[in-house]
Each structure stands twice: as C-alpha cells, then as structure tokens.
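Here's the structure, in structure tokens; my notes come after.
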Amino acid sequence: MTRHAHERSRRRTVGIAVVVALVLVVVLPAAWLGVRARQASSTASSLSATADQVKADANALDLAAVAHDITTLQDQASSLHQITSDPLWGMATGLPVVGARASAARQVGSVANSLASAATPLSQLLPRFDKDAIAASGGRIDVAAVAALGPVLTTLATSASTATHDLADIDPAGLSAAQADEIARLRTALADAEKPLRAAAAAVPLVAHLLGSTGPRTWFVALENLAEARGTGGLVGAYAVLRTDAGKVTLVEASPRKTLDAGPTIPDQNLPTDFQQMWGADATEWAGLNLSPHFPYTAQLVIDGWKARGGAPLDGVIALDQTVVAALLAGTGPITVRGVTVDSASAVKFLTEDIYARFPVVADKDAV
C-alpha cells in the first residue's frame with residue numbers, strides 16, 4: 001500500500017469514528033430524549049386527567065372510586081418522576097432553549113410524586129368509610145380509620161405547601177405557554193387545597209370523639225334555620241338527641257323546637273352577668289337562646305335547659321344549618337318527607353324558602 005492510500009484509509013477510519021461518535025454522543029441521546037419527552041408528555045396528560053377524576057369522584061362521594069384513582073395517580077406520578085429523573089434528561093436541563101422546559105418538567109415530576117406518595121394511605125383508608133363497608137359493620141363507622149386520617153391529611157397538607165413553594169421557584173421564562181399555564185394552575189390548586197386539608201386534619205380528632213371513640217357520648221343536635229337569623233347562625237327549628245359509642249350512632253329523640261317551648265324556663269345562672277344584662281329573658285327561651293354569637297354560651301344554655309327538663313346528661317351540643325344538612329344528604333342520598341324529595345342540591349333552598357311556601361301551617365312545617 002502506498003503512502004497516499006494509507007493516508008486515505010486512515011482518514012476514512014477517522015471519519016467513520018467521528019460519525020460513530022456523533023451518533024453515540026449526539027444523535028442517539030437526542031432521539032432518546034425525544035422518546036422520553038413524548039412519554040413524559042403523555043404521562044403528564046394522563047396524570048392531569050386522573051387528578052380531575054379524583055375531584056369528580058370525591059364530589060360524588062364515591063370513596064371506592066377515589067381510592068382506585070389515588071392508586072392510579074401514584075403509578076402515573078412515579079412513572080413521570082422516573083422519566084424526568086433520567087440522567088440524559090438531567091443533561092437536557094443544561095441545554096439552551098429546551099433546558100428550561102426540561103428542568104420545569106423534572107420539578108413537576110418530583111412534586112407530583114411527592115404529593116401522590118403523601119396521598120397513598122388514603123387508598124387504604126377511604127374504602128373503610130364507604131356506605132357498603134358501614135352497612136356491613138351494622139352501621140358502625142370505623143373510628144380507628146377516622147383517627148388515622150388526621151396524620152395523613154397533615155402530611156398531605158405539608159406536601160401541598162412544599163409543592164406550592166417549589167413550583168413558585170420555576171421561572172416561566174423559556175417555558176411554552178401551555179407548560180407555564182399548567183404549572184400556574186397546579187400551583188393555584190395546591191395553594192387552595194392546603195388550608196382545607198389542615199382544617200380537616202385538625203377536625204378529625206374531634207370527629208372521632210363525637211363518634212364515641214373513647215366511650216359512649218350523648219349529644220344535643222340543634223338544626224338552625226338560616227332563614228331566621230340568630231347570633232350563632234339561625235333560629236333553632238328542630239333538635240335531635242344522638243348517642244354515639246365506638247362509631248355506632250343511635251337516634252334517641254327528634255322533635256320540633258316547639259316541643260321545648262312549653263318550658264320550663266332555661267336557667268341562666270351559669271352565664272356571665274354581662275351576658276344576662278345584654279340578652280335578658282330572651283336568652284332563656286328556646287327560640288332565642290342562641291342570640292349571642294358566642295356558641296359556648298348557647299351550648300351552656302342548652303345543657304342547663306335540657307337538665308331542667310329532666311333530660312339525660314349531655315356531653316355536648318352541636319349546631320347544624322342547611323349547608324351541613326345538604327352535605328349530609330350527599331352522603332346518605334335523598335329523603336322523601338310528605339311527598340317532597342329533598343337531596344343535597346335542593347336542601348338549602350327547601351329549608352330556607354320552600355318549606356314555608358309548601359307548608360304554611362306552622363304545625364305542619366314543624367313536623368316536616
């Protein structure tokens with residue numbers, strides 16, 4: 001072989017090596033990133049759809065469906081996190097143009113995975129509150145599951161708070177309009193969810209106590225009608241006495257408030273002098289005992305008034321209004337009273353307006 005032929009062969013070999021190197025270093029990674037980007041986009045879309053389904057099933061109080069949704073959500077979030085944690089994806093975060101988008105996608109993947117992991121215990125807890133599960137236990141609510149909800153909701157609230165701050169750190173410059181809008185929407189949703197989650201977490205121990213988690217309890221439940229305003233909400237139009245024990249709720253008594261109006265007068269000696277001077281004899285009547293906006297005073301009057309009637313000792317007083325009744329009906333399903341069917345959508349209007357028009361005779365209205 002001549003020197004020139006040898007040189008041409010060497011150059012050809014070097015050229016081939018350069019091409020192979022470009023394929024290995026540039027083309028294949030770029031192709032791989034393209035595949036992963038499509039996978040990430042598809043997974044993110046599925047994740048968003050599942051999140052919407054969680055909301056829809058939660059609004060429908062289909063707890064079994066919500067539990068299934070959460071499991072699906074965890075699988076999808078884990079997949080998205082795995083895709084965007086790929087070492088080649090990490091290299092892409094440093095590239096011009098696509099780097100900002102890749103970095104934002106990686107952050108969203110991490111946030112989604114953390115949130116889904118925090119919510120995962122709910123997939124085991126929620127089915128224990130399903131209507132079928134309660135019916136199978138003879139109508140007893142699982143108070144252990146109620147108590148377990150508190151820490152889970154606290155963890156989820158903390159995860160939502162952390163995620164909100166992490167997403168706020170993403171600079172929208174360099175992102176596509178769709179990606180920036182999606183991140184902004186997610187950040188707003190998480191910020192809006194944190195406060196209700198923390199409130200629910202704080203309320204859970206109280207709910208367990210109300211259900212008799214630590215022993216039998218007797219509660220006076222006042223139904224306040226917002227159509228006739230009082231300090232704590234509305235006129236007490238009806239009442240019930242409930243007994244709870246380890247999750248079993250028993251209705252002891254339910255009557256219109258007028259049953260109580262006959263007397264005796266409610267004692268007010270356990271209330272402060274300034275309260276007595278402010279409200280006078282009106283607060284010693286069942287129709288006006290909740291004139292003050294300070295609910296503990298109202299509860300004390302109920303307890304003392306119930307005792308004066310010879311009623312069994314009460315462990316506490318609960319007040320419900322139309323909006324709470326509507327929420328309860330969302331769980332129980334509609335009820336029919338004297339030919340009128342009331343459900344969660346119609347309860348507020350029925351109790352605020354329609355009941356007065358439909359039943360003009362006071363005794364009939366009270367009975368309803």
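Keep in mind that what you see is a predicted model, and the values were worked out from it rather than measured. Here, residue 1 is the first one in the sequence, and each next residue gets the next number.
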Counting distance only, does the side-chain N/O of [X] pair as donor-acceptor with the main-chain N or O of [Y] below 3.5 Å?
{"X": "Gln276", "Y": "Asp268", "answer": "yes"}
{"X": "Gln107", "Y": "Asp166", "answer": "no"}
{"X": "Arg106", "Y": "Asp86", "answer": "yes"}
{"X": "Ser78", "Y": "Asp75", "answer": "no"}
{"X": "Arg243", "Y": "Arg217", "answer": "no"}
{"X": "Thr259", "Y": "Pro256", "answer": "yes"}
{"X": "Thr84", "Y": "Leu80", "answer": "yes"}
{"X": "Asn290", "Y": "Gly234", "answer": "yes"}
{"X": "Asn225", "Y": "Gly237", "answer": "no"}
{"X": "Ser46", "Y": "Ser42", "answer": "yes"}

- prompt: Which pairs with one or both residues in residues 126-181 pass ring-ring contact (aromatic ring centres under 6.0 Å, His included), sequence neighbours excluded?
  reply: none
field: side chain to side chain donor-acceptor pair (under 3.5 Å) assessment of Ser137 paired with Arg128
entry: CA-CA 10 Å; Ser137 66; Arg128 293 161 71 175; over 6 Å; no
Validation row: [X], [Y] side chains within 4.5 angstrom (heavy atoms):
{"X": "Thr244", "Y": "Leu210", "value": "no"}
{"X": "Leu115", "Y": "Leu190", "value": "yes"}
{"X": "Phe350", "Y": "Val368", "value": "yes"}
{"X": "Leu223", "Y": "Gln322", "value": "no"}
{"X": "Leu122", "Y": "Val66", "value": "no"}
{"X": "Leu149", "Y": "Leu125", "value": "yes"}
{"X": "Gln53", "Y": "Leu73", "value": "no"}
{"X": "Ser176", "Y": "Arg101", "value": "yes"}

field: Carboxylate-amine/guanidinium proximity below 4.0 Å for Asp181 and Arg185
entry: no
message: Could you check whether atom CZ of Arg198 has more than 12 heavy atoms from other residues, nucleotides or ligands sitting under 6.0 Å from it?
response: yes
- prompt: Does any donor atom in the side chain of Thr341 or Thr336 lie under 3.5 Å from an acceptor atom in the other side chain?
  reply: yes
Donor-acceptor pair between Thr164 and Glu194 side chains, under 3.5 angstrom: no
task: Quick one: name the residues clustered hydrophobically with Met278, using the 4.5 Å side-chain heavy-atom rule over I, L, V, M, F, W, Y, and just say none if it's on its own.
output: Phe220, Val236, Tyr239, Val241, Val252, Leu260, Ile266, Leu271, Phe275, Trp279, Trp286, Leu289, Leu291, Phe295, Tyr297, Leu301, Val302, Ile303, Trp306, Leu314, Val317
Nearest 0.5 Å, what's the [atom1]-[atom2] distance between [X] and [Y]?
{"X": "Leu351", "Y": "Leu320", "atom1": "CG", "atom2": "CG", "result": "11.0 Å"}
{"X": "Leu226", "Y": "Thr323", "atom1": "CG", "atom2": "OG1", "result": "6.5 Å"}
{"X": "Ser213", "Y": "Ile141", "atom1": "OG", "atom2": "CD1", "result": "11.5 Å"}
{"X": "His68", "Y": "Asp57", "atom1": "NE2", "atom2": "CG", "result": "10.0 Å"}
{"X": "Asp364", "Y": "Ile355", "atom1": "CG", "atom2": "CD1", "result": "10.0 Å"}
{"X": "Gln39", "Y": "Ile83", "atom1": "CD", "atom2": "CD1", "result": "5.0 Å"}

message: Can you list everything that forms a ring-ring contact (aromatic ring centres under 6.0 Å, His included) with His209? Sequence neighbours excluded, please.
response: Trp219
message: side chain to side chain donor-acceptor pair (under 3.5 Å), that's the test. Do Gln74 and Thr120 meet it? Break it down for me.
response: CA-CA 7 Å; Gln74 173 60 65; Thr120 295; 3.0 Å; yes
query: Leu175 and Ile183: side chain to side chain contact (heavy atoms under 4.5 Å, CB included), yes or no, with the steps?
result: CA-CA 10 Å; Leu175 304 183; Ile183 290 172; 4.0 Å; yes
- request: Could you point out which residue of Val108, Thr162, Thr188 forms a side chain to side chain contact (heavy atoms under 4.5 Å, CB included) with Leu167?
  value: Val108
task: Please step through side chain to side chain donor-acceptor pair (under 3.5 Å) for the pair Thr265 and Glu285, ending with a clear verdict.
output: CA-CA 6 Å; Thr265 300; Glu285 300 174 356; over 6 Å; no
message: Does Asp245 form a salt bridge (Lys or Arg N to Asp or Glu O under 4.0 Å) with Arg140? I'd like the steps, not just the answer.
response: CA-CA 9 Å; Asp245 184 15; Arg140 192 178 299 274; 5.5 Å; no
